[in-house]
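Each chain gets a letter, A, B and so on, in the order its sequence line appears, and its residues count up from 1.
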Protein chains: 2
Amino acid sequence: MGSNETTQRITMTPAARRVIEAAERLFYERGIHAVGVDLIAAEAGVTKKTLYDRFGCKEQIVVEYLADRDERWRVFLADHMNAAGPTPAARVLAVFDAARAWAAQHGHKGCSMVNAHAEISDPAHPAYPIITGQKRWMLTLFTDLAGEIAPEQAGRLGRALMLLHEGALVAEGLSIFPDAIGQAREQAQAVLAAA
Amino acid sequence: MGSNETTQRITMTPAARRVIEAAERLFYERGIHAVGVDLIAAEAGVTKKTLYDRFGCKEQIVVEYLADRDERWRVFLADHMNAAGPTPAARVLAVFDAARAWAAQHGHKGCSMVNAHAEISDPAHPAYPIITGQKRWMLTLFTDLAGEIAPEQAGRLGRALMLLHEGALVAEGLSIFPDAIGQAREQAQAVLAAA
DNA sequence: CACACAGTATACCGATCTGTATAGTGAAGG
DNA sequence: CCTTCACTATACAGATCGGTATACTGTGTG
């Protein structure tokens, strides 16, 4: 649950966890191609031998990095939505609140999926379905919530919320204006009120 | 006009132009760090000596790549906006039409500025002001147009249009749903109508 | 006890990376 | 005529890349 079923995963030993944690920090901050496996191993306090015993290749570290982020984001989001109660409008706004809290915790460099996509050209890359899978999942989430508010406009409303959300992550990452996610939340509220 | 004034530019000889053209294609498709200067030189039909005589270092190629894209986008956008006439609402919609036409011409991998930002960690990087400069310029454009429609809401409307626009580029790049830019255009129309 | 297994430490491989050096060509311009 | 300059061709340097090899340690379990 959370990660794509067709994606191959690895055994999560303690050393493997430290590798993922180091990779998440480094990949997100500096980019995937800019970070070498030697650095990841050093930052994780793990030898390259161990790293390759667990992951096999760098590509797999990227896969685990994205799958782990995706998984943690969905748990994080579920917590925020549950705390917001059953009202669909409140749950929509909770998504934006979750995004803001997530950015505060994990850094303001935009969406790791979008950033990874910028560096991955091949659609056959094993990380590809994780990236597109998360985005499609988010669209479904928005569309389902929109359907509880205005069933006959679910598609249009869901896509509008998705556009605002993605735009907010980019604007927040590039610091185009202050509190971009909060601004998007306001706009989402207006869109729902109009429907 | 178009590019940042503080950014250092190079002499555009024919060989330099071919380098930029090759770099634009390769950087956008595969990412900046994934593309080496040897490949750029080969694709441009230029020796590495010439490449380094013109640009000095790879970083400068990145700068010219982004500055050139920015410049060409602004011209492209100006053409579309002028063709749309003087009505501010029509000019706003023309931005989305221009974005759609641009994507059709240049490929659907999202915004090159956003993608470049994913690979550039250091804010002191010479390409940084080009990236943020373009986004701030776009926000000003939207805000100014919004000011002609509803002066007292210019800020909020401008930011809303910006969010929709950035979201559209991401959604288009990741193919989350068909014609994301067109959907954003519709949403922009609704936002303007409500104001 | 023996064995599997997660781990350390270190050295190495071939490829590729950014960037430089050397030598020479062809054309424009005072 | 001779300098300047944009360019080709090729070879190379030093670093770093992803990935492998060898040898060993500690620990828990059948």
Side-chain atoms of residues 181-195 of chain B: list all donor-acceptor pairs with protein atoms under 3.5 Å, sequence neighbours left out, distances to 0.1 Å.
residue   : atom : partner   : partner atom : Å
Gln183(B) : OE1  : Arg159(A) : NE           : 3.0
Arg185(B) : NH1  : Asp97(B)  : OD1          : 3.2
Arg185(B) : NH1  : Asp97(B)  : OD2          : 2.8

Without decimals, in angstroms, what is the distance between [X] [atom1] and [N] [atom2]?
X: Tyr52(A); N: dA9(C); atom1: OH; atom2: P; value: 19 Å
X: His33(B); N: dT18(C); atom1: NE2; atom2: C1'; value: 13 Å
X: Lys48(A); N: dC13(C); atom1: NZ; atom2: C1'; value: 10 Å
X: Lys49(A); N: dC5(C); atom1: NZ; atom2: C1'; value: 10 Å
X: Leu51(A); N: dA9(C); atom1: CG; atom2: C1'; value: 15 Å
X: Asp53(A); N: dT10(C); atom1: CG; atom2: P; value: 17 Å
X: Ile40(B); N: dG19(C); atom1: CD1; atom2: C1'; value: 13 Å

Could you check whether any side-chain N or O of Tyr28(B) sits under 3.5 Å from a backbone N or O of Lys109(B), counting only pairs where one atom can act as donor and the other as acceptor?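 Yes; judged by distance alone, with no hydrogens or angles, the pair exists.
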Closest-nucleotide ordering on DNA chain C, the 5'-leading residue of Gly36(B) and Asp38(A):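 The residue mapped nearer the 5' terminus is Asp38(A).
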Do any side-chain nitrogens or oxygens of Thr47(A) fall under 4.0 Å of OP1 or OP2 in dT8(C)?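 For dT8(C), OP1/OP2 do have a side-chain N/O of Thr47(A) under 4.0 Å.
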Rounded to the nearest 0.5 Å, what's the gap from CG on Leu157(A) to CD on Glu152(A)? Could you check?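 Here the rounded value is 8.5 Å.
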Does Arg30(A) CZ have over 12 foreign heavy atoms under 6.0 Å away?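 No, the 6.0 Å shell around CZ holds no more than 12 heavy atoms from other groups.
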Nearest heavy atom decides the nucleotide; on that basis, is Ala34(A) or Gly56(A) closer to the 5' end of DNA chain D?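 In this pair, the answer is Ala34(A).
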Applying a 4.0 Å non-hydrogen cut-off, can you work out what Thr13(B) is touching in the nucleic acid: base, sugar-phosphate, or nothing?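 Sugar-phosphate only.
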Mind checking whether His165(B) and Phe142(B) have ring centres under 6.0 Å apart?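 They qualify: ring centres under 6.0 Å apart.
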Tell me, please, the opening and closing nucleotides of DNA chain D, 5' to 3', among those with an atom under 4.0 angstrom from a non-hydrogen atom of chain B.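 In short, chain B contacts DNA chain D from dA6(D) to dA9(D).
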Taking only Lys NZ, Arg NE, NH1 and NH2, and the carboxylate oxygens of Asp or Glu, determine whether Glu24(B) and Arg72(B) approach each other closer than 4.0 Å.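 Yes, this pair counts.
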Any residue meeting ring pair (Phe, Tyr, Trp, His ring centres under 6.0 Å) with Trp73(A), in chain and number order, not counting sequence neighbours: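 For Trp73(A) the ring pair (Phe, Tyr, Trp, His ring centres under 6.0 Å) partners, ignoring immediate neighbours, are Trp102(A).
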